[in-house]
Amino acid sequence: MGTRRVLVTGCSSGIGLAIALRLAKDELRRFKVVATMRDLGKRGTLERAAGDSLNKTLEIKELDACSKASIKECVNSLPNRQVDVLVSNAGVGMIGPLECQSITAMKELFDTNFFGLVRLVKEVLPDMKHRQSGHIVVMSSVMGIQGLLFNDIYSASKFAVEGFCESLAVQAMKFNIKTTLVEPGPVVTEFERKVYEDAEKMDLSETDEETARIFREIYLPYSRKVFNSLGQTTEEVAEQTYKVITAKEPPLRHQTNRLYMPMTALKHADPTGRLPLDTFYKMVFKHDSVFNATLGVLRMLQRRGGKK
């Protein structure tokens, strides 16, 4: 197989930037990376990190996943419109009590997280079908498998992504097109930091006092502990994504954080849904000491894994 052209969205920072760099610096030079972002004014970080790869195995282009015209213009600018691998990564976050979030903000989130993916796939899928080859790689989340407290809308958008890809994957197989959902757990990025900074200052006047207290005094500290214990770096997620893209038979789903897998396994262990619901409820509201001890064990396992 010759050089494959990979189109990556959301490359100004975070996971997208890390994936673009990892593929561009592939030792066997198997990839020509088209790293895209909505605002080219934010290209500086990627340009500096790319070093010698820039304009050789990596080029930077403008693409707004919320604009059909922008996507078409970007794809049209590529030789023969060829995209061998699409990495749909652009996304936005939202946390907090439901009552405090506007329908307008929810629609904007879905426009990026779900419809952004749909627009991209609609543009590249016909060419992939015609060539009878391609790989659609989608940055999903463990929250596309399992809902999480105060992540109602974000999780809903990732559930939509999962359902869309799982349905499309069957048809895609007929045309020799592979589909992979990459599902990170907590990832330490500027994106995440910004979401939690905004949450600290969130206006909670639209909800009741008890919900506001739970969000501020239980959920936010709980989340910080989870990120500190289980959080991966963007480079770790990029490496996992690189392995998926270079695999002979890539999976439909790939969780990047093995330490988080026991959490998602609970869902499949009980079809009624009671087990994960009761477990998360007790961990958050009943057994803080057990929760802290569990995170301590996971921290120790992570350190041991890192020494191998």
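Because the structure is predicted, anything quoted here is derived from the model rather than measured.
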Next item on the list: Mind checking side chain to side chain contact (heavy atoms under 4.5 Å, CB included) for A49 and listing every partner two or more places apart, or none if nothing turns up?
Entry: L21
Notebook entry, point to check: Strictly by modelled atom types, are D26 and Y242 linked by a side-chain donor-acceptor pair under 3.5 Å?
Noted result: yes
Item checked: Residue pairs passing the side chain to side chain donor-acceptor pair (under 3.5 Å) test where at least one lies in residues 93-109, sequence neighbours excluded -> E99-T207
Would you tabulate the side-chain donor-acceptor contacts of residues 9-18 under 3.5 Å, counting partners in other chains and residues two or more places apart, or write 'none'?
{"from": "T9", "atom 1": "OG1", "to": "N89", "atom 2": "N", "distance (Å)": "2.9"}
{"from": "T9", "atom 1": "OG1", "to": "A90", "atom 2": "N", "distance (Å)": "3.1"}

Next item on the list: Apply side chain to side chain contact (heavy atoms under 4.5 Å, CB included) to R213 and list each qualifying residue two or more places apart in sequence or on a separate chain.
Entry: E210, E217, I218
Using atom types as modelled, flag every donor-acceptor pair under 3.5 Å from a side chain in residues 132-139 to any protein atom, sequence neighbours excluded.
{"from": "Q132", "atom 1": "NE2", "to": "K129", "atom 2": "O", "distance (Å)": "3.4"}
{"from": "H135", "atom 1": "NE2", "to": "T180", "atom 2": "OG1", "distance (Å)": "2.9"}

Next item on the list: Give me the other members of the hydrophobic cluster that F159 sits in, counting Ile, Leu, Val, Met, Phe, Trp and Tyr linked by side-chain heavy atoms under 4.5 Å, directly or via other members.
Entry: none
Notebook entry, point to check: Got a sec, which pairs hit salt bridge (charged side-chain N to carboxylate O under 4.0 Å, His left out) with one end in residues 156-165, sequence neighbours left out?
Noted result: E162-R253
Checklist line | Check: S70/E62 side-chain N/O donor and acceptor closer than 3.5 Å | finding: no
Next item on the list: Would you check if there is a donor-acceptor pair between the side chains of K61 and S77 at a distance under 3.5 Å?
Entry: yes
Check: side chain to side chain donor-acceptor pair (under 3.5 Å): which pairs involve residues 119-128, sequence neighbours left out?
Finding: K72-E123, R81-E123, R81-D127, D111-R119
Atom pairs and distances, side-chain donor-acceptor, residues 270-277, under 3.5 Å, sequence neighbours left out:
{"from": "D270", "atom 1": "OD1", "to": "T272", "atom 2": "N", "distance (Å)": "3.0"}
{"from": "D270", "atom 1": "OD1", "to": "T272", "atom 2": "OG1", "distance (Å)": "2.8"}
{"from": "D270", "atom 1": "OD2", "to": "T272", "atom 2": "OG1", "distance (Å)": "3.0"}
{"from": "D270", "atom 1": "OD2", "to": "R274", "atom 2": "N", "distance (Å)": "3.4"}
{"from": "D270", "atom 1": "OD2", "to": "L275", "atom 2": "N", "distance (Å)": "3.0"}
{"from": "T272", "atom 1": "OG1", "to": "R274", "atom 2": "N", "distance (Å)": "3.3"}

Next item on the list: Sequence neighbours left out, what pairs pass salt bridge (charged side-chain N to carboxylate O under 4.0 Å, His left out) with at least one residue falling in residues 9-24?
Entry: R22-E27, R22-E239
Next item on the list: Check ring-ring contact (aromatic ring centres under 6.0 Å, His included) between Y219 and all other residues, then give those that pass, not counting sequence neighbours.
Entry: F150, F215
Check: For Y196, what residues pass the ring-ring contact (aromatic ring centres under 6.0 Å, His included) criterion, not counting sequence neighbours?
Finding: F227
